[in-house]
Number of protein chains: 2
Amino acid sequence: MAATMADVARIAGVSKKTVSNFFNGYPYMRDETRQRIEAAIEQLNYKVNISARNLSSGRTGSIGLAVPELAHPYFAELSQAVVSAAQRRGLNVLVEVTDGKRTRELDVLNGTGGRSVDGIIFEPIALSPDDIRDATTAIPLILIGDRVHEGRFDFVAVANEAGAHDATAHLLSSGRRRIVALGMEDSEEPTAAAGRYRGYLRALEEAGVRCDPRLLVGPIPWNRTAGADAVARLIDEGVEFDAVFGLNDALALGAMSQLQRRGLGVPQDVAVVGFDNVDEGRFSSPALTTIESGREWIAQKAVELLAQRLASPEESMGTTLLMAGHRLVERDSV
Amino acid sequence: MAATMADVARIAGVSKKTVSNFFNGYPYMRDETRQRIEAAIEQLNYKVNISARNLSSGRTGSIGLAVPELAHPYFAELSQAVVSAAQRRGLNVLVEVTDGKRTRELDVLNGTGGRSVDGIIFEPIALSPDDIRDATTAIPLILIGDRVHEGRFDFVAVANEAGAHDATAHLLSSGRRRIVALGMEDSEEPTAAAGRYRGYLRALEEAGVRCDPRLLVGPIPWNRTAGADAVARLIDEGVEFDAVFGLNDALALGAMSQLQRRGLGVPQDVAVVGFDNVDEGRFSSPALTTIESGREWIAQKAVELLAQRLASPEESMGTTLLMAGHRLVERDSV
DNA sequence: GTGAAAGCGCTAACAT
DNA sequence: ATGTTAGCGCTTTCAC
């Protein structure tokens, strides 16, 4: 049987409470007491039983992070940032992968999985605003990312429309006129694809460029393969274009790979811009021009907001909506 | 106040035990009882208190995954695989990022962080075999990845030497003779860098090719930036080479990016091979030839081994050492 | 099939 | 600065 706090107390000749104090950094303690406790801990190789602490204190010291996918560079980098920020605050992170499936996302929202965390940071991609409104979660929840779900929960958002506008405007200002909107979605739903598509349209409009429907590609999955396949299809169908705006970097990178495979020069024949500024884009050939969407900041703010919620005893303070800044990162693909 | 099991029991007109049975899938229960319980749960929006269950049952239902980094494609893909495999078995995954720092890795090993998991899957990169031998962890631990730490713990290993041998042999068979070993480490320590370097040497030897020390680059961090910088340095110093073996894909991709920036054709002027088969390499230009190192299989086996340890009540069954298979994935960079 | 009672190992008041 | 006393909300014998 593993040693308990009572064992340590007995061996050190103090009470349980004093041992508890020791572990919780209670400052007032004689050095000699401290040393006796340390010796007892060492002797027994004692480890605090976290489950007991959790039950007793009503907290777990862990937060959940629910993302569609972990292998995707954007989410990998986001998760890294969240985990780091959490560790800095002494919080553990339980990662849940939803695969972007609505049912799994609903489980996250409603705690069906049996929560073992104090709060959740959650990037949904399949839920509707209604789903979110009807959430029954019992613990604090911070939404991040792509959709704007006004109201019930704190939210840290990506500047989808503004960023997409700038990306498109950059292509236009370099003289491109036939710009593929790769991964778009024409919808009223507050999805990333729809928001970024709106930004694209607005930039075209401002420049007085007509939007050719053959250049609108989507909805498709936002990964490299889909980007590459879509571009292959455009080429095969003889659609003419002089630029590709990949609504995320994965699409843009997949597109670029396919363009080059087909003998098209980037950026000479076709310019490419992405969105997200994942590390990978710095090392593609050519390096990918993209929109920095504030991943790091988002992760940090989300953890900060959640930590606040956990700290303040239940109370109101309304809900916070934060919008990340964005910035064009010019590299060689335009 | 949140509802407790006692509340549910009272409202359903049964005992706590019966409600507990309900949640634990105990099969013998009248349908009518079951329905009354379900109604009470619904009415109270009751959620089982995981902390209490954990304390009572002595298990947490979570496993830890400790990796150096999450944003790195290899670890992102590995983590994804581990999380998926664990979720399939109903286990949650608590991710810990060690930054490859020895002290953080020691914390993982010795449970200093206060464990809230039943077992750990751990890829150390900074620990010595001695550190591992002296581990005081109280819970099952499965080691994965790069070093061979025979003895104390179950281990799932990458075929570093064999894989590196095949990668190098492939370059040699394509007629290359001056092959950079990018990221190598000449050491007796059982590190990935040393193992892969040994494979490289063996392949050269078998082909009767002399090893030029100017082509040995390392130790350097195994990321894209380091790969790119190292290649830049070689070029600037006028070192001649006709191939690069990046000891992982990140190094190879960084190298390839830099080669092309300097106007060198891949594979015409310089052939490139990597190691790991991360998804990114399928979409670089040219696509990266690499060694598939069995990431998925490793993740699955690690979870499986850990699940076994958790299931079987403490007993012996020695320790298991599994070696993943490997395979050359030919693409366009050679 | 269901109930009663005894902990699991800790934290948190409160007392000293 | 340290000790005492109650629980936290479940699971788990063991009865019925």
Side-chain angles (χ1 to χ4, degrees), chain A residues 1-38 40-41 44-62 90 111 114-118 138-139 310 313-314, chain B residues 1-38 40-41 44-62 111 114-118 138-139 310 313:
Chain A
M1 211 42 228
T4 79
M5 203 172 248
D7 299 331
V8 175
R10 193 162 25 72
I11 295 201
V14 299
S15 81
K16 254 168 52 174
K17 169 61 173 154
T18 305
V19 181
S20 176
N21 282 346
F22 173 87
F23 279 106
N24 295 292
Y26 187 68
Y28 309 106
M29 189 177 300
R30 264 197 294 264
D31 249 25
E32 188 237 329
T33 310
R34 189 187 311 279
Q35 280 161 19
R36 286 219 311 279
I37 294 178
E38 275 164 355
I41 290 168
L44 295 168
N45 186 26
Y46 167 75
K47 308 273 163 67
V48 178
N49 179 322
I50 301 293
S51 295
R53 166 179 292 176
N54 290 350
L55 174 58
S56 204
S57 67
R59 285 169 298 96
T60 70
S62 298
R115 265 301 79 55
S116 33
V117 294
D118 298 333
I139 55 179
L310 298 181
E314 293 285 329
Chain B
M1 210 45 226
T4 78
M5 204 172 248
D7 298 331
V8 175
R10 192 163 24 74
I11 295 203
V14 298
S15 82
K16 256 170 48 173
K17 167 64 173 151
T18 307
V19 180
S20 177
N21 282 345
F22 173 87
F23 278 107
N24 295 293
Y26 187 69
Y28 308 107
M29 190 178 301
R30 266 195 291 264
D31 247 24
E32 189 236 329
T33 310
R34 190 187 310 279
Q35 280 161 18
R36 287 220 310 280
I37 293 178
E38 275 165 356
I41 289 167
L44 295 168
N45 187 27
Y46 168 75
K47 310 272 164 67
V48 178
N49 179 323
I50 301 292
S51 295
R53 164 177 294 177
N54 290 349
L55 174 58
S56 209
S57 67
R59 285 170 299 97
T60 70
S62 298
R115 265 300 80 56
S116 32
V117 294
D118 298 333
I139 55 180
L310 298 181

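Here is the naming used below: chain letters follow the sequence lines, and residue numbers restart at 1 for every chain. These values consider heavy atoms only, across backbone and side chains, with no hydrogens, waters or symmetry-generated copies.
Nearest approach of A/Ser20 to A/Met5, heavy atoms of both residues: CA-CE, 3.6 Å. Between B/Phe23 and B/Arg53, the shortest heavy-atom contact is CB-NH2, 3.9 Å. The two atoms that bring A/Thr60 and A/Asn54 nearest to each other are CA-OD1, 3.4 Å, heavy atoms only. Across all their heavy atoms, B/Arg36 and B/Ala12 have their closest contact at NE-O, 2.7 Å. Closest approach of A/Thr4 to A/Asp7, counting heavy atoms only: N-OD2, 2.8 Å.
Regarding A/Leu55, its CG atom lies at a distance of 11 Å from the P atom of C/dT11, rounded to whole Å. In this structure, B/Lys47 atom NZ and D/dG9 atom C1' are separated by 16 Å, rounded to whole Å. For B/Asn54 and C/dC10, the CG to C1' distance is 13 Å, given to the nearest whole Å. The interatomic distance linking A/Asn49 (CG) with C/dC8 (C1') rounds to 8 Å, in whole Å. Between A/Asp31 atom CG and D/dA1 atom C1' the separation is 13 Å, expressed in whole Å. The nearest whole Å value for the distance from the CG atom in A/Leu44 to the C1' atom in C/dG9 is 15 Å. Summarising the geometry, the separation between OH on A/Tyr28 and C1' on C/dT16 is reported as 17 Å, rounded to the nearest angstrom. For A/Arg34 and D/dT2, the CZ to C1' distance is 13 Å, given to the nearest whole Å.
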>> Counting primed atoms plus P, OP1 and OP2 as sugar-phosphate and everything else as base, spell out the protein contacts along nucleotides 11-16 of chain D at 4.0 Å heavy-atom distance: B, S or - for each nucleotide, 5' to 3'.
In response: BB----
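Checking the phosphate oxygens (OP1, OP2) of D/dG9, no side-chain nitrogen or oxygen of B/Tyr46 falls inside 4.0 Å. Using a 4.0 Å cut-off, no side-chain N or O of A/Thr4 falls inside it from OP1 or OP2 of C/dC8.
A salt bridge is defined here as a Lys NZ or Arg NE, NH1 or NH2 lying under 4.0 Å from an Asp or Glu carboxylate O, and A/Glu38 with A/Arg34 fails to meet this definition.
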